[in-house]
Amino acid sequence: MSKNGELKKIELPHSITVRELSERLQTSPIEVIKTLMGNGVMANINQEVDFDTAAIVAAEMGFDAALKVLEDKSLEDQSEIPLWRQWISKEKPNDLQKRPPVVGILGHVDHGKTTLLDAIRQTDVAGSEVGGITQHIGAYQVEHNHRLISFIDTPGHAAFTAMRARGAQGADIVVLVVAADDGVMPQTREAISHAKAARVPIVVALNKMDRPNAAPDQVKQQLAEVGLVPDEWDGDTLVVPISAKEKTGLDDLLEAILLVADNNEIIANPNGRVFGTVIEASQERGRGAMATFLVQNGTLKVGDVVVAGQACGKIKAMFDYKGEKIDQASPSTPVSVMGLDEIPAAGELFRTAKSTKAAREIVERRKQLVAEREAVTSGGMTLEQLFASVQAGEAQELRLIIKADVQGSLEPIVSSLKDMKVEEIGVNILHADTGNISENDVMLASTSDAIIIGFNTQPDAATRRLAESEGVSIRTYNIIYRLTEDIDKALRGLLEPEMREITLGRANVLAVFGASKIGRAAGCRVVEGEIRRNARVRVLRGEESLFKGEVASLKRHQEDVREVREGFECGIGLKGFNDFVEGDVIECFTIEKVEVI
């Protein structure tokens, strides 16, 4: 508020993140979040709020907010326009041709995005996803009325904010999937913000119309309230009723997509500069680094040298969305490529280079710039100094090492966690990478007092033993929102203790003999650790676990004993299992309560 008591003037855009709003209002994000909560709005630091909500917060903090209106689109900030669109604008107008539209599928979790793509492609992707929630981005093409349409399948949970934003930025049209029995939800509004920020037209797929409690008119009213006025209400948003499950309304949806495509300038130069976006990347056995590219200009060919972020290489082979080998890919075509020297980050732009040498020089320059930026931002502080500052009370943070199966999983996890904060306790991600949890990760965690988080990846036996000996906590997940919920609870001190399995020892079955009370027992030699009578055991045959239960008897030289250590032989009888064969392994373990992260 100004000195004369008047509210200070401020201009705000139609949507803004909590972080950006706090900066505009010259206050902390925590204060903004508290004010939002006081007005019944739950939002995190990276979540976008609309102008009306932001104006209420601004008013409570002494500001008079006005909607920022751009009078002349030529004056718009070019930095908000995706780089690839800026590159296309530099092509000669006479060389530009129509290309297939690229469609991003956005919407709230469980509203049927992947099921819709399944119905369109007549495949089953949703059935293979953990919890029915899409975990990775994919790109596919379909043909309708002799015209191609490329789809980017973008995960829909709130944790995928960054990935969803990238999906909208790479798309020409967004299909917003809204369940007719559920309506506009928080992630629906978030998806709308991403589409509007990317200046991409929206087609609404009103899904689950087969449900008895579907309320299409009510949902259309909700859509109108968030700026998507249906065309039948004299608006400019096509709202198409469908049922992905029953496969009804799909032709109408595809027609709507092509109609919107015809009303927008969707063009590229197939003979021009080759560039596009990395949709997904992973390491595959026998193939090395594999990346899914969406070609956005030019024609990508086998043998081309490409640069994608800090990865480069000559394309050895290309595969279309069906997995069939192809020699070239024109604009709007998604392809899987082989030949890069490392895994590029999902969302990076790729482009061709004149030679392998030129590509490597570009990558080296990029790596040098990244190293310089990190040196400036980190101030050269070591892990030991960070730990000392925590011990001295100068900082409080939860240190994490993140390992995920692929880049498409790693990015949303890191973006969700890095800005997470409760009061003054925040998250510090020391290392994030793809691949299995390794002994190096454990040693880094041990020396820096960090927790290891694994997503769709596990430590091997040696790594797990090292973690136990070093006192390092490893938590693994296969659904991202459960991971983020646990970290949030840990920061708030609400997370329940984890029950962790501690391996005590292993014994090899050398012989099987009869036992009067329990039927059959196993003659064993303890090869690792110890076997305890009061612990739990499992019977392993190769990689298969046959039984998990309790020890009925543990004998050495016909005498009952409490434990048998490594190098000694013993007889083991189990409660409820006697189908031993020579070569089985009996693993002894206990379940212990582990303190909160």
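The analysis underlying the following values was restricted to heavy atoms, covering all of them including side chains, and did not include hydrogens, waters or symmetry mates.
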L510 side, atom CG; D584 side, atom CG - distance, nearest 0.5 Å: 11.0 Å

Using a 4.5 Å cut-off on heavy atoms from C-beta on, say whether the side chain of L554 contacts that of I531. yes

Can you name the closest pair of heavy atoms from V406 and S282 and give their distance? CG1-CB, 3.3 Å

Mind running side-chain contact (heavy atoms from CB on, under 4.5 Å) on V307 and R366 for me, showing each step along the way? CA-CA 11 Å; V307 179; R366 289 179 178 177; 3.3 Å; yes

Side chain of N207, backbone of A244: donor and acceptor closer than 3.5 Å? yes

Find out whether V102 and F151 are in side-chain contact, i.e. whether some heavy atom of one side chain is under 4.5 Å from a heavy atom of the other. no

D182 versus M185: any side-chain heavy-atom pair under 4.5 Å? yes

Side-chain donor or acceptor of S409 paired with backbone N/O of D405 under 3.5 Å: no

Are the side chain of S415 and the backbone N or O of E411 linked by a donor-acceptor pair below 3.5 Å? yes

Quick one: CZ on F577 to NZ on K548, what's the gap to the nearest 0.5 Å? 14.0 Å

Could you report the tightest heavy-atom contact between E284 and M290, atom names first, then the distance? CD-CG, 3.7 Å

Just by distance, no angles: are the side chains of T463 and E439 close enough, under 3.5 Å, to form a donor-acceptor pair? no

Close side-chain approach of L466 to E468, heavy-atom, < 4.5 Å: no

Quick one, I453 and Y477 - any side-chain contact, counting heavy atoms below 4.5 Å? yes

For the CD1 atom of I152 and the CG atom of L106, what is their distance to the nearest 0.5 Å? 9.0 Å

Verdict with supporting geometry, N436 and T457, side chain to side chain donor-acceptor pair (under 3.5 Å): CA-CA 5 Å; N436 290 330; T457 185; 3.0 Å; yes

Less than 6.0 Å separating the ring centroids of F293 and F350? yes

Determine yes or no for a side-chain-to-main-chain donor-acceptor pair under 3.5 angstrom, with S150 supplying the side chain and S332 the backbone. yes

State whether the number of non-hydrogen atoms from other residues, nucleotides or ligands found under 6.0 Å of K555 atom NZ is greater than 12. yes

Student check: side-chain heavy atoms of R536 and E550 closer than 4.5 Å: yes

T188 to G183 - nearest heavy-atom pair and separation: OG1-O, 4.2 Å

For residues 334-342, run the donor-acceptor check on the side chains, cut-off 3.5 Å, and write out each pair with its distance to 0.1 Å, sequence neighbours left out.
{"unit_1": "D341", "atom_1": "OD1", "unit_2": "C312", "atom_2": "N", "d": "2.9"}

Do you know the tightest heavy-atom contact between K314 and G303? CG-O, 3.3 Å

Can you see which heavy atom on I437 is nearest to which on G454, and at what distance? CD1-CA, 4.0 Å

Cationic tip of R287 above F319 ring, under 6.0 Å, 45° of axis: yes

D579 vs R520, side-chain contact (heavy atoms from CB on, under 4.5 Å): CA-CA, chis, key distance, verdict: CA-CA 8 Å; D579 189 24; R520 300 174 78 204; 4.2 Å; yes

Exercise: identify the closest heavy-atom pair between V363 and Q310: CG1-O, 3.4 Å

Heavy-atom count check: over 12 atoms from other residues, nucleotides or ligands less than 6.0 Å from E559 CD? no

R360 atom CZ, neighbour heavy-atom count above 12 within 6.0 Å: no

Roughly how far, to the nearest 0.5 Å, is CG of L483 from CD1 of I487? 5.5 Å

Can we say D441 and K403 salt-bridge, meaning some charged N sits less than 4.0 Å from an Asp/Glu carboxylate O? yes

Heavy-atom count check: over 12 atoms from other residues, nucleotides or ligands less than 6.0 Å from D327 CG? no

Counting C-beta onward and ignoring hydrogens, is there a side-chain heavy-atom pair between E587 and T503 closer than 4.5 Å? yes

Can you list the steps and then say if T248 with I242 is a side-chain contact (heavy atoms from CB on, under 4.5 Å)? CA-CA 5 Å; T248 57; I242 66 166; 5.6 Å; no

C524 and I586: side-chain contact (heavy atoms from CB on, under 4.5 Å), yes or no, with the steps? CA-CA 9 Å; C524 307; I586 298 177; 3.9 Å; yes

Without swapping roles, check the side chain of R556 against the backbone of E569 for a donor-acceptor pair under 3.5 Å. yes

Face-on cation placement of R538 at F589 ring, 6.0 Å and 45° thresholds: yes

What distance do E530 atom CD and C588 atom SG have between them, rounded to the nearest 0.5 Å? 7.5 Å

State the OH-OG1 distance between Y321 and T292, to the nearest 0.5 angstrom. 14.0 Å

Lys/Arg N to Asp/Glu carboxylate O, R465 vs E528, below 4.0 Å: yes

Taking only residues two or more places apart in sequence, or in another chain, which ones meet Q558 in a side chain to side chain contact (heavy atoms under 4.5 Å, CB included)? none

Any side-chain heavy-atom pair of T476 and Q458 under 4.5 Å: yes

